[in-house]
Chemist: 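My questions will all concern the structure given below.
In what follows, every heavy atom counts, from backbone to side chain, and hydrogens, waters and symmetry copies are set aside.
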Amino acid sequence: QVQLVESGGGLVQAGDSLRLSCAASGGSFSSLDMGWFRLAPGKEREFVAAIRWPATAYYADSAKGRFTISRDNAKNTVSLQMNSLKPEDTAVYYCAASRLYGDHTAQGHYNYWGQGTRVTVSS
């Protein structure tokens, strides 16, 4: 019912900034919990950030102080501003959505997923 499309990934150097966006359609965006996860080479997909209704943000320790999640309910989008990027941030980043209250850090909490956008950070 809900479709998510990520954009904004690319190849950058360490210390650069990048802004990822996720466009949602097919549902009531304002009622969705939105999250960002990433899948790095050789690792499991991990939680990065989430924003819960109405606008409470949460971050993984690796993202605190560098990443900022925000949402624009009028445009049905959620963004992830990534600053001071490190090579360790290299991964495919996925946007996810949930209509339920629960553990925002768990993949199982989200029932809608995008296809991902690739971020590569060179040293």
Side-chain angles (χ1 to χ4, degrees):
Q1 184 176 354
V2 176
Q3 292 80 47
L4 305 174
V5 180
E6 304 96 332
S7 62
L11 174 63
V12 298
Q13 294 185 339
D16 286 352
S17 297
L18 205 58
R19 186 177 182 88
L20 307 182
S21 295
C22 174
S25 62
S28 180
F29 181 78
S30 62
S31 66
L32 296 172
D33 284 354
M34 303 296 299
W36 286 96
F37 289 75
R38 67 186 182 187
L39 179 62
K43 298 183 178 180
E44 297 183 352
R45 187 158 58 182
E46 65 178 359
F47 169 76
V48 177
I51 185 164
R52 310 192 70 176
W53 186 89
T56 304
Y58 302 87
Y59 300 94
D61 289 341
S62 61
K64 291 180 180 178
R66 299 190 299 126
F67 294 3
T68 302
I69 188 172
S70 61
R71 68 193 301 162
D72 187 335
N73 290 337
K75 297 182 178 180
N76 287 1
T77 59
V78 61
S79 298
L80 184 68
Q81 177 67 42
M82 304 186 294
N83 298 327
S84 302
L85 284 165
K86 306 173 182 179
E88 306 91 90
D89 296 318
T90 295
V92 176
Y93 285 72
Y94 296 89
C95 177
S98 174
R99 294 194 181 279
L100 303 176
Y101 181 87
D103 183 1
H104 54 86
T105 68
Q107 295 185 55
H109 173 62
Y110 301 91
N111 41 16
Y112 304 103
W113 293 84
Q115 294 298 309
T117 184
R118 186 176 298 275
V119 173
T120 302
V121 184
S122 62
S123 60

Chemist: Is it the case that one hydrophobic cluster holds both L20 and I51, taking links as side-chain heavy atoms less than 4.5 Å apart, direct or via other members?
Modeler: yes

Chemist: Could you please spell out the steps behind the side chain to side chain contact (heavy atoms under 4.5 Å, CB included) verdict for R99 and S28?
Modeler: CA-CA 9 Å; R99 294 194 181 279; S28 180; 4.1 Å; yes

Chemist: With sequence neighbours left out, what residues match N83 under side-chain hydrogen bond (donor to acceptor under 3.5 Å, both in side chains)?
Modeler: S17, Q81

Chemist: May I ask you to decide if I69's main-chain N or O and Y59's side chain share a donor-acceptor pair within less than 3.5 Å?
Modeler: yes

Chemist: From the options M34, H104, R71, select the one residue that forms a side chain to side chain contact (heavy atoms under 4.5 Å, CB included) with R52.
Modeler: H104

Chemist: So, do S21 and K75 sit near enough that their side-chain heavy atoms are less than 4.5 Å apart?
Modeler: no

Chemist: Name the residue from D103, N111, V2 that meets the side chain to side chain contact (heavy atoms under 4.5 Å, CB included) definition with S98.
Modeler: N111

Chemist: Are D61 and K64 close enough for a salt bridge, meaning some N to O gap below 4.0 Å?
Modeler: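 Here D61 pairs with K64 in a salt bridge, since their nearest N and O are under 4.0 Å apart.
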
Chemist: Give me the atom names and distance for the closest heavy-atom approach of A24 to F29.
Modeler: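 Smallest heavy-atom distance, with atoms named: CB-CD1, 3.6 Å.
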
Chemist: Does V92 belong to the same Ile/Leu/Val/Met/Phe/Trp/Tyr cluster as L18, with side-chain heavy atoms less than 4.5 Å apart forming each link?
Modeler: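 Different clusters: V92 never reaches L18 through Ile, Leu, Val, Met, Phe, Trp or Tyr contacts under 4.5 Å.
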
Chemist: For E6, is there any backbone N or O sitting under 3.5 Å from a side-chain donor or acceptor partner on Q115?
Modeler: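 Checked: no pair found.
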
Chemist: Which residue is it: F47, Y94, Y93? I am looking for the one with a ring pair (Phe, Tyr, Trp, His ring centres under 6.0 Å) to F37.
Modeler: F47

Chemist: Grab the two heavy atoms, one from F67 and one from L80, that are nearest each other, plus how far apart they are.
Modeler: CB-CD1, 4.1 Å

Chemist: What are the two closest non-hydrogen atoms of A14 and P87, and how far apart are they?
Modeler: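 A14 and P87 have their closest heavy atoms at CB-CD, 4.1 Å.
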
Chemist: Would a distance-only check, ignoring hydrogens and angles, find a side-chain to backbone donor-acceptor pair under 3.5 Å from T90 to V121?
Modeler: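 Side chain of T90 to backbone of V121: a pair is present.
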
Chemist: Could you see if V119 belongs to whatever hydrophobic cluster contains L39? Use Ile, Leu, Val, Met, Phe, Trp, Tyr and a side-chain cutoff under 4.5 Å.
Modeler: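 Per the 4.5 Å side-chain linkage, V119 and L39 are not co-clustered.
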
Chemist: Assigning hydrophobic clusters by single linkage (Ile, Leu, Val, Met, Phe, Trp, Tyr; side-chain heavy-atom cutoff under 4.5 Å), is W36 placed with V12?
Modeler: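 W36 and V12: one cluster.
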
Chemist: Which heavy atom of R19 sits nearest to which heavy atom of S70, and what is that distance?
Modeler: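 Minimum heavy-atom separation between R19 and S70: NH2-OG, 3.7 Å.
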
Chemist: In Å, rounded to the nearest 0.5 Å, how long is the span from CD of Q1 to CD of Q3?
Modeler: 8.5 Å

Chemist: Please say whether more than 12 non-hydrogen atoms of neighbouring residues, nucleotides or ligands are located less than 6.0 Å from CD in E46.
Modeler: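 More than 12 heavy atoms, drawn from other residues, nucleotides or ligands, come within 6.0 Å of this atom.
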
